[in-house]
Undergrad: 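For reference, the structure I am asking about is given below.
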Amino acid sequence: MLEFKPEYSVGVARIDAQHRKLFQWVNDLEQAMRQGRGRDVLDKVLAGLAAYTREHFTAEEELMLKAGYPELAQHKAVHDGFVRRLAELEQRHQAGEVGVSVELVSSLGDWIRNHVLGMDKKYAPHMAARKVA
C-alpha cells in the first residue's frame, strides 16, 4: 500500500491533494486484487486513472507555466509518456490480456513514488520562490 508521507509534499496544497488521490487509486486497485476482484475493477480504475492523470497533469503543468519553470517541456514529456502507458495498459486489458492489474499496480506505484520524489520535488523550490500555489 502506498502511503502519502510528508516527504512526498511539493508544498502546493492543490497538487499534494491530487497526489494523495493518485496514491488512493493505486491502493484501491491493490485492495481489490487482494480480495480477488482486481479484474472486476480494472475497467473502472483504468478509465478513472486516465481521466484523473490528465486533469492532474494539466493542473501541474499550468502551475509550472505560471511559475516560469524552466524544465516544463521535459516534465510534460514525461507526463505524456505516462498517459500513453496507461492507454497501452487499457488496450491490453480490453484485449483480454491477463496480468494487467498486477503490472499496473507495480508500475504505477513505482512511477508515482519516483516521479513525485524526483521530478515533482525538483519544481517545488521554484514554485515556493515564486509563491505559486
Side-chain angles (χ1 to χ4, degrees):
M1 297 289 278
L2 287 176
E3 180 183 350
F4 190 90
K5 298 175 184 173
E7 61 261 26
Y8 288 107
S9 175
V10 296
V12 178
R14 179 175 154 199
I15 298 300
D16 286 344
Q18 291 174 353
H19 284 161
R20 282 184 182 90
K21 182 66 176 167
L22 290 172
F23 276 55
Q24 191 58 51
W25 278 104
V26 176
N27 290 338
D28 289 350
L29 178 57
E30 189 174 343
Q31 182 178 10
M33 288 171 55
R34 276 196 242 119
Q35 296 170 347
R37 301 179 304 112
R39 185 141 178 82
D40 297 340
V41 301
L42 194 53
D43 284 332
K44 178 183 163 205
V45 169
L46 281 168
L49 268 173
Y52 195 79
T53 53
R54 281 191 300 272
E55 175 187 319
H56 166 66
F57 292 161
T58 298
E60 196 173 65
E61 291 162 11
E62 286 173 358
L63 288 175
M64 284 188 263
L65 182 63
K66 182 178 176 183
Y69 184 59
E71 296 181 32
L72 171 59
Q74 298 92 321
H75 203 113
K76 184 177 181 343
V78 172
H79 285 169
D80 292 347
F82 184 73
V83 169
R84 284 190 302 274
R85 174 78 172 127
L86 281 177
E88 174 206 327
L89 287 169
E90 189 169 15
Q91 287 175 346
R92 289 173 45 203
H93 170 64
Q94 295 302 325
E97 189 174 323
V98 295
V100 172
S101 57
V102 173
E103 185 176 345
L104 177 62
V105 165
S106 175
S107 64
L108 184 59
D110 289 344
W111 191 88
I112 289 172
R113 280 188 298 267
N114 294 331
H115 184 75
V116 172
L117 289 175
M119 292 194 84
D120 287 355
K121 290 293 277 195
K122 231 172 132 180
Y123 72 62
H126 193 84
M127 298 280 200
R130 284 151 185 82
K131 296 181 180 19
V132 173

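Fair warning: this is a prediction, and the values are worked out from it, not measured in the lab.
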Undergrad: Would the distance check show the side chain of Ser107 and the main-chain N or O of Glu103 forming a donor-acceptor pair, the cut-off being under 3.5 Å?
TA: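 Answer holds: yes.
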
Undergrad: Nearest 0.5 Å, please: how far is CZ in Arg85 from CG in Asp80?
TA: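 Rounded to the nearest 0.5 Å, the CG-CZ separation comes out at 16.0 Å.
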
Undergrad: Hydrogens and angles aside, do Glu71 and His126 bring a side-chain donor and acceptor to less than 3.5 Å of each other?
TA: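 No, no side-chain donor-acceptor contact under 3.5 Å.
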
Undergrad: Considering non-hydrogen atoms only, spot the tightest contact between Ser9 and Asp16 and give its length.
TA: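 Closest heavy-atom pair between Ser9 and Asp16: OG-OD2, 2.6 Å.
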
Undergrad: If we count only N and O atoms by modelled type, under 3.5 Å, do the side chains of Asn27 and Gln31 hold a donor and an acceptor together?
TA: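 No, no side-chain donor-acceptor contact under 3.5 Å.
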
Undergrad: State the OH-NZ distance between Tyr69 and Lys122, to the nearest 0.5 angstrom.
TA: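 Tyr69 OH to Lys122 NZ: 5.0 Å, rounded to 0.5 Å.
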
Undergrad: Could you state the interatomic distance from CZ (Arg14) to CD (Glu60), rounded to the nearest 0.5 Å?
TA: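 Between Arg14 CZ and Glu60 CD, I get 10.0 Å after rounding to 0.5 Å.
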
Undergrad: Any ion pair linking Arg84 and Glu88 (charged N to carboxylate O, less than 4.0 Å)?
TA: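 Arg84 and Glu88: not salt-bridged.
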
Undergrad: Pick out which of Leu108, Ile112, Leu2, Val116 makes a side-chain contact (heavy atoms from CB on, under 4.5 Å) with Leu22.
TA: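 It is Ile112; the other options fail the test.
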
Undergrad: For a quick test of reading the model, state the closest non-hydrogen atom pair linking Val83 to Arg54 and the distance between them.
TA: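 Of all heavy-atom pairs spanning Val83 and Arg54, the closest is CG2-CG, 4.3 Å.
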
Undergrad: Less than 6.0 angstrom separating the ring centers of His19 and Tyr8, yes or no?
TA: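 Aromatic pair excluded; centres sit 6.0 Å or further apart.
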
Undergrad: Side chains of Glu90 and Leu42: closer than 4.5 Å at any heavy-atom pair?
TA: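 No, their side chains stay 4.5 Å or more apart.
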
Undergrad: Check this for me, if you would: do Lys66 and Glu62 make a salt bridge, where the nitrogen-to-carboxylate-oxygen distance has to be below 4.0 angstrom?
TA: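 No, no charged N to carboxylate O under 4.0 Å.
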
Undergrad: So Phe57 and His79, would you call those rings parallel, tilted or perpendicular, with 30° and 60° as cut-offs?
TA: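 Correct class here is parallel.
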
